[in-house]
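Take a look at the structure set out below.
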Amino acid sequence: MNSASVYTSLFNYSPDKFDLVAAFENWSKYADEIVIGTFKDGQSELYRAVADSTENLKSCFIEVVECDTSLDDPLFDGKLKNAALQACSNDIVIQQDMDERLGGKKELWDGLVNYLCRSDQNTPSAFFIECIDLYKDYNHYKSLGQKWYLHTKQNTFRGPVNFAVRGDGTVDTEKSDTCELINIDGNLIPSFSLSKKFKDEHGVFQTDLPHVIHLGYLDLEKRIENNKFWGPVWSARNGKEVKVSTSLKELELDNDAKKHYLPVKWWQL
């Protein structure tokens with residue numbers, strides 16, 4: 001059986017923002033290694049929190065890697081994720097943010113991992129995995145999307161896709177979040193989509209299939225604080241102001257919450 005690594009980034013840790021125990025317990029069901037990219041300085045609290053959160057993880061190795069970047073660098077997010085990616089020891093990797101969890105049957109994830117292991121390692125490839133954005137509570141969601149969460153490690157990187165980078169070094173933030181899955185030339189990595197979708201043609205969610213659960217919109221007050229942090233970052237990347245939602249009214253305006261009729265926290269069952 002081939003193994004996978006989960007890689008992520010974390011640079012502004014505080015106990016009230018991130019539930020490391022819940023994240024590690026979830027990811028360790030699907031991977032035998034978790035790699036966290038962070039800044040070089042001022043991360044002592046993160047190291048202590050990681051150590052405290054891993055006492056009960058017997059079969060998963062967790063590593064923190066430091067990257068020579070800072071908040072002053074508009075591209076720091078992709079650089080942290082790429083540092084974690086390059087430090088993974090397995091050939092197949094899964095990217096996660098701290099507010100994301102993995103769902104679906106482990107054996108189906110293993111099938112995708114084995115498929116990628118059999119592919120030509122000189123030709124990087126990935127699977128688009130569907131993601132459900134929970135909204136306000138655990139019974140509702142606002143949207144479904146797909147991202148290249150699962151992919152081969154060799155010859156892959158995280159950073160801005162080349163067609164989004166302008167001549168002056170700024171990034172078109174409508175085309176890139178500076179964390180795309182790219183090759184050495186900045187081109188997007190070819191990706192497979194699953195033939196069966198997380199939500200089928202009858203509107204029923206297929207929770208056995210590999211998927212990701214995004215928790216970033218559960219607490220809208222925290223989301224507002226998060227947006228207040230990221231707004232200036234996105235503006236610095238883009239070279240001009242990028243508008244983000246910084247009030248409850250703005251966050252709720254474009255979001256039509258829908259019931260998913262799934263068990264609460266189904267990924268923990």
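One is the number of the first residue; the rest follow in order along the sequence.
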Quiz item: Do Lys81 and Asp77 sit within salt-bridge range, that is, some charged N less than 4.0 Å from a carboxylate O?
Solution: yes
Quiz prompt | Lys106 to Tyr30 six-membered ring, cation-pi geometry met (6.0 Å, 45°) | solution = no
Quiz item: Looking just at side-chain N and O atoms, do Asp99 and His214 make a donor-acceptor pair shorter than 3.5 Å?
Solution: yes
Exercise. Taking the side chain as every heavy atom from C-beta outward, state whether Phe163 and Asn187 have any atom pair closer than 4.5 Å.
Key: no
Quiz prompt | Residues Glu225, Lys228: salt bridge by 4.0 Å N-O rule | solution = yes
Quiz item: Can the ring centres of His151 and Tyr7 be said to be less than 6.0 Å apart?
Solution: yes
Quiz item: In terms of side-chain heavy atoms, does Gln43 have a donor or acceptor partner in Thr38 at a distance below 3.5 Å?
Solution: yes
Quiz prompt | Backbone of Val242 reached by a side-chain donor or acceptor of Ser235 within 3.5 Å | solution = yes
Quiz item: Phe192 and ring-ring contact (aromatic ring centres under 6.0 Å, His included): which partner among Trp148, Tyr115, Phe128?
Solution: Tyr115
Quiz prompt | Val65 side chain near Ile36 side chain, heavy-atom distance below 4.5 Å | solution = no
Exercise. On the 0 to 90° scale, with breaks at 30° and 60°, tag the Trp230-Phe11 ring pair as parallel, tilted or perpendicular.
Key: perpendicular
Quiz item: Which residues pass the salt bridge (Lys or Arg N to Asp or Glu O under 4.0 Å) test with Asp73, sequence neighbours left out?
Solution: Lys79
Self-check item: Any donor-acceptor N or O pair under 3.5 Å, side chains Thr8, Gln95
Solution: no
Quiz item: Arg237 side chain to Asp177 main-chain N or O, any donor-acceptor pair under 3.5 Å?
Solution: yes
Quiz prompt | Shortest non-hydrogen contact between Pro263 and Leu269, atoms and distance | solution = CB-CD1, 3.6 Å
Practice problem: Please report the shortest heavy-atom distance between Asp137 and Asn139, naming the atom on each side. | Solution: OD1-N, 2.8 Å
Quiz item: Do Thr207 and Leu262 come close enough that some side-chain heavy atom pair is under 4.5 Å?
Solution: yes
Practice problem: Assess the side chains of Asn162 and Asp185: does a donor N or O sit below 3.5 Å from an acceptor N or O? | Solution: no
Self-check item: Over all atoms of both residues, closest heavy-atom pair of Val35 and Cys88
Solution: CG2-SG, 4.0 Å
Exercise. Would you indicate whether the side-chain heavy atoms of Ile62 and Phe24 approach each other to under 4.5 Å?
Key: yes
Practice problem: Considering non-hydrogen atoms only, spot the tightest contact between Ile189 and Ala126 and give its length. | Solution: CG2-N, 4.3 Å
Quiz item: Can you find a pair of side-chain heavy atoms, one from Tyr149 and one from Cys131, that are under 4.5 Å apart?
Solution: yes
Quiz prompt | Note: Lys153-Asp91 ion pair, threshold 4.0 Å (strictly below) | solution = no
Quiz item: What pair of heavy atoms forms the shortest contact from Val161 to Glu180, and how long is it?
Solution: N-OE1, 3.1 Å
Quiz item: Does any donor atom in the side chain of Ser245 or Glu250 lie under 3.5 Å from an acceptor atom in the other side chain?
Solution: no
Practice problem: State which residues pass salt bridge (Lys or Arg N to Asp or Glu O under 4.0 Å) with Lys136; sequence neighbours excluded, sorted by chain then number. | Solution: Glu252
Quiz item: Closest approach of Leu150 and Ile92, non-hydrogen atoms and distance?
Solution: CD1-CG2, 3.6 Å
Quiz item: Is the backbone N or O of Asp97 less than 3.5 Å from a side-chain atom of Glu100, with the two atoms forming a donor-acceptor pair by type?
Solution: yes
Quiz prompt | Glu174 CD: over 12 foreign heavy atoms closer than 6.0 Å | solution = no
Quiz item: Counting heavy atoms not belonging to Lys240, are there more than 12 under 6.0 Å from its NZ?
Solution: no
Self-check item: Any donor-acceptor N/O pair, Arg158 side chain to Cys179 backbone, under 3.5 Å
Solution: yes
Quiz item: Run the side-chain contact (heavy atoms from CB on, under 4.5 Å) check on Val50 and Val64 step by step: do they pass?
Solution: CA-CA 9 Å; Val50 169; Val64 179; 4.2 Å; yes
Quiz item: Does the ring center of His211 lie less than 6.0 Å from the ring center of Phe198?
Solution: yes
Quiz prompt | Min side-chain heavy-atom separation Phe229-Leu71 under 4.5 Å | solution = yes
Practice problem: Could you check whether the rings of Tyr13 and Phe18 sit parallel, tilted or perpendicular, using 30° and 60° as the cut-offs? | Solution: parallel
Self-check item: Close side-chain approach of Phe39 and Leu46, heavy atoms under 4.5 Å
Solution: no
Quiz prompt | Ring-ring centroid check His260 Trp266, cutoff 6.0 Å | solution = yes
Self-check item: Under 3.5 Å: donor-acceptor pair, side chain of Asn26, backbone of Leu102
Solution: yes
Exercise. Taking Ser119 for its side chain and Leu116 for its backbone only, find out whether a donor-acceptor pair lies under 3.5 Å.
Key: yes
Quiz item: Are there more than 12 heavy atoms of other residues, nucleotides or ligands under 6.0 Å from atom NZ of Lys105?
Solution: no
Quiz item: Would Leu112 and Leu108 count as a side-chain contact (heavy atoms from CB on, under 4.5 Å) if you check the C-alpha gap in whole Å, the side-chain angles of each, and the deciding distance to 0.1 Å?
Solution: CA-CA 7 Å; Leu112 300 184; Leu108 297 183; over 6 Å; no
Quiz item: Side chain of Asn114, backbone of Asp110: donor and acceptor closer than 3.5 Å?
Solution: yes
Practice problem: For the pair Glu33 and Ser3, evaluate side chain to side chain donor-acceptor pair (under 3.5 Å) and give the outcome as yes or no after the intermediate values. | Solution: CA-CA 9 Å; Glu33 176 185 62; Ser3 299; over 6 Å; no
Quiz item: Are any side-chain N or O atoms of His202 and backbone N or O atoms of Asp200, one a donor and one an acceptor, separated by less than 3.5 Å?
Solution: no
Self-check item: Sidechain-backbone polar pair: Asn183 side chain, Gly186 backbone, donor-acceptor under 3.5 Å
Solution: yes
Exercise. Could you check Phe205 against Tyr141 for ring pair (Phe, Tyr, Trp, His ring centres under 6.0 Å), going step by step and ending with a plain yes or no?
Key: CA-CA 12 Å; Phe205 288 95; Tyr141 75 104; 5.3 Å; yes
Quiz item: Quick one: does Asp168's side chain have a donor or acceptor within less than 3.5 Å of a partner on Thr170's backbone?
Solution: yes
Quiz prompt | Stepwise side-chain contact (heavy atoms from CB on, under 4.5 Å) check, Lys196 with Leu209 | solution = CA-CA 8 Å; Lys196 290 186 176 181; Leu209 292 178; 3.8 Å; yes
